[in-house]
Amino acid sequence: MGYFNPKMYTFVVFKSLYHIQFFGEINTYLMSEQTVRDFSTDQFIETDQQLSRLISNLPGFVYRCANDANWTMFYISDVCEKVTGYKPDDFLYNRKIAFNDIIHPAYQKELHEDWEIILKKNKSFEHEYKIITASGDERWVWEQGFGVFDEKGKLMYLEGFIRDITERKTVQEALVVSERKFRALFNEMADQAVLCRIDRNEKGEVKNTSIIDLNESFIRVLGIRNPLDIIGKSPCDVLRLDSIPYYNEVMQAISEGRNLSFVADFEPLEKRFKVSAIAIQQDIFAIIASDITELMHYNDVLLEKNKELENYVYVTSHDLRSPLVNIQGFSTRLRKHTDKIGELILASEIDQTTKENLDELIKQKIPHTLDYIFNSVGKMERMLNSLLQISRTGRIAMNIQQIKMYGLMSKVIHAVEYQLQEINARVDIEDLPDCYGDEAMLNQLFSNIITNAVKYRDNQRQLKISISGVSRYKKVLYRIMDNGIGIPKEHLEKIWYVFYRVDNRHVPGDGIGLSVVKRIVEKHHGKIWVESTERYGTTFFIELPALNFSEN
Amino acid sequence: MSYNREIIILIAEDDDGHAELIVEGLRETGLKNQIIRFDNGSDIWDYLVDVHKEGGTENNAEYLVMLDINMPLVDGTEVLRRIKNRDDMKNIPVIMLTTTDDPREIEKCYQLGCNVYITKPVEFIKFAETLQKLGFFLQIIKV
């Protein structure tokens, strides 16, 4: 304290504290001017100690300095070390360093100019600037000060308070960056976005909603001339609608802090939007709308084409069966007639050589020919039936409900239990999450996969099938893993094709099992994929909806 | 006296081959009934309307109708619907004969009141068996 006599400066320091009293955190230390005047000289002695404690407890440091180029310090409190890294003695009379030198060069001129104006107008100085600490770090400080004049109005010195605001500044800067990012995204996004607030009455019921912000895309799509006029208005007025689709549902969801997505037509623009209401904070939410008109159009076209194709497959396979009935029917008759001819020849009086020749025709050549016809007809019929089955999978209306998957899987396994026991297979089913779908279809889906695992097992080892599942945001992923012969890499993509069979010599089948599986998964808006290593086994992954959905 | 003879079997089938195979198949089961074949739905309906003039049927004959579903002019399900909607015809047994085993199609035919629904099998032996059962059925419904 060598250069500082507390008694001498007490009043001054108090006065400066009074000036900065608006600065929240130090309010507890403040005294009114009246209080300061009430101090008697006796009390001053006692107050000195309190005062130095008070000063050292401030969240910053106080100073008294000259109005010169160096801001030559006459007094600077201890806390300055915490903020600047220099001891108070280092600054006093510029002993080690001038205060001006620790001010970031970018602010030095500015501060001098500012002070000049302030002193002329006899106002208090306030500034935020950067300093460079003893360790070379940059820190943000906030300063408030004023000039102290003598009775003749001559400036004696400057005094004030400086505190470290680096933390606040960092947060503030992050906030600015974040706000800038948000603005950029908000305004540049292709989707239409508005921020809304829910206004409530005294009972807490929703009174109305008002728009608090809107983005460029929203302005453009709706052709809004004066965006500022929109702020504070209700979305109803802005959209020129009597009622907003899903309004109550959105209010409900936002009140519960949930998000909500839906598809809605906006008639004034003849457009269809996918709308998401996103809860941001209590009663504040964002509405983001994506124009899916074109997408829906293509979707409709695709659905229509798909239906057409399915119908085409159906009609074709149906119509192709008709001539097949005749080929089979009349070939059967041909066989009967041939048999009759055989009997007639036996009874006739034809010479032996001719009889033998005819016999060869009737007993061998014709039956051989007919066998080919029957086999081909049979094969063709099986294929047509398969096609009919696939087209039926696509055409049939679904009965969507919650599926207790463990139960369903047990049923599927139970249906092939005899076969599994016969080959001594082991099936492990983990606890499975439930999903939504058509029970009969899903039964068929998993049956086909399990049947394949059995068909394509490796005879050299015990067949092991393990079935597990996990919940994934709005979806459930099931995994069926076997240790069978696996699928060669080059066949992996083709296994979903109709009539495609990796090896049709050893394993019976019509080659539609996985096509049907794929159709069923698609009908459920799900996904299916396969991983397989030849000789080691195959794993099917099936993703199905965890929530209720509608067929289209 | 055999009851069989009193029933006239009407077959509407646009495919000549199918018609021939059906008739042949029925004959092979020993059925001696008169069989009249039409190659579209319109003609069989006109015939039915004609024989059901002025109350009862001509010659007091009983009929059994076999209908293919996909036919030109008037299809099988439409003929079925018309028959079951007329008081003087609704008791005529109707057998639907088609190549499809689409459950919805079958369901629709039963809803319209068809008595038997037969999928024309490609395998003729099965078909013959079905027709044989049908012949048996024809005798039963008369008794």
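By convention in this document, chain letters (A, B, ...) are assigned in the order of the sequence lines, proteins followed by strands, and residues within each chain are numbered from 1.
Environment of CD in E304(A): sparse, with no more than 12 heavy atoms of neighbouring residues, nucleotides or ligands closer than 6.0 Å. Surrounding OH of Y110(B) are more than 12 heavy atoms belonging to other residues, nucleotides or ligands, all under 6.0 Å away. Other residues, nucleotides and ligands contribute only 12 or fewer heavy atoms inside 6.0 Å of the NZ atom of K363(A). Annotation: K84(B), atom NZ; neighbour count of heavy atoms from other residues, nucleotides and ligands within 6.0 Å is above 12.
Using a 4.0 Å cut-off between a side-chain N of Lys or Arg and a carboxylate O of Asp or Glu, E20(B) and R333(A) qualify as a salt bridge.
Interface summary for chain B: among I327(A), N385(A), N326(A), the most heavy-atom pairs under 4.5 angstrom belong to N326(A).
The backbone N or O of S322(A) lies less than 3.5 Å from a partner atom in the side chain of H18(B), making a donor-acceptor pair.
With a 4.5 angstrom heavy-atom cutoff, D16(B) does not touch chain A via any of its atoms.
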